[in-house]
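Have a look at the structure below before the remarks.
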Amino acid sequence: MNMQRFGQQLKIFRQQRRLTQRELAQRSEVPQPLISDLEAGKREGVTLEMAWRLARELSVSLDHLAGTWDQAEESVRAAAEQKTRRGRPRKAAPVAPAGAAS
């Protein structure tokens with residue numbers, strides 16, 4: 001997990017919910033200094049339990065909090081765009097039912 005990305009996502013979701021670091025710390029039972037360090041990119045590593053508590057209090061999945069969901073969506077979107085650039089798929093010619101006369 002990219003901890004810098006995790007910290008950025010943590011800050012974004014916390015601010016979207018209009019929570020202070022202190023409020024999030026109280027609700028999630030994760031120490032406020034740890035939240036501060038994560039958001040500032042000063043801390044490498046957080047336990048799965050702490051990440052889960054933060055995600056739960058922010059009402060997001062761990063994938064969203066870690067930023068891995070966004071990366072997966074970008075990959076799917078890029079693949080779709082690349083497919084579109086190659087041209088539209090052609091329709092297959094109709095197939096006559098078995099036993100039909102030609």
Item to check | Sequence neighbours excluded, every pair satisfying side-chain hydrogen bond (donor to acceptor under 3.5 Å, both in side chains) that has a member inside residues 45-60 | outcome: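 Pairs touching residues 45-60 that pass the test: Glu49-Arg53.
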
Between [X] and [Y], which heavy-atom pair has the shortest distance, and what is it?
X     : Y     : value
Leu62 : Ala55 : CD2-CB, 3.9 Å
Val60 : Arg17 : CG1-NH2, 3.4 Å
Ala66 : Phe6  : CA-CD1, 3.9 Å

Could you give the side-chain donor-acceptor pairs of residues 24-36 under 3.5 Å, partners two or more places apart or in another chain?
from, atom 1, to, atom 2, distance (Å)
Ser28, OG, Leu24, O, 2.7
Ser28, OG, Val30, N, 3.3
Gln32, NE2, Gln21, OE1, 2.7

Nearest 0.5 Å, what's the [atom1]-[atom2] distance between [X] and [Y]?
X     : Y     : atom1 : atom2 : answer
Arg5  : Leu65 : CZ    : CG    : 10.5 Å
Leu38 : Lys11 : CG    : NZ    : 12.5 Å
Glu39 : Asp37 : CD    : CG    : 10.0 Å
Leu58 : Gln9  : CG    : CD    : 10.5 Å
Leu10 : Met3  : CG    : CE    : 9.0 Å

Item to check | Glu23 (side chain) donor-acceptor with Thr20 (main chain) under 3.5 angstrom | outcome: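 Yes; at least one donor-acceptor contact below 3.5 Å.
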
Checklist entry - Does CZ in Arg22 sit with more than 12 non-hydrogen atoms of other residues, nucleotides or ligands closer than 6.0 Å? => result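 Atom CZ in Arg22 is not packed in, count stays at 12 or less.
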
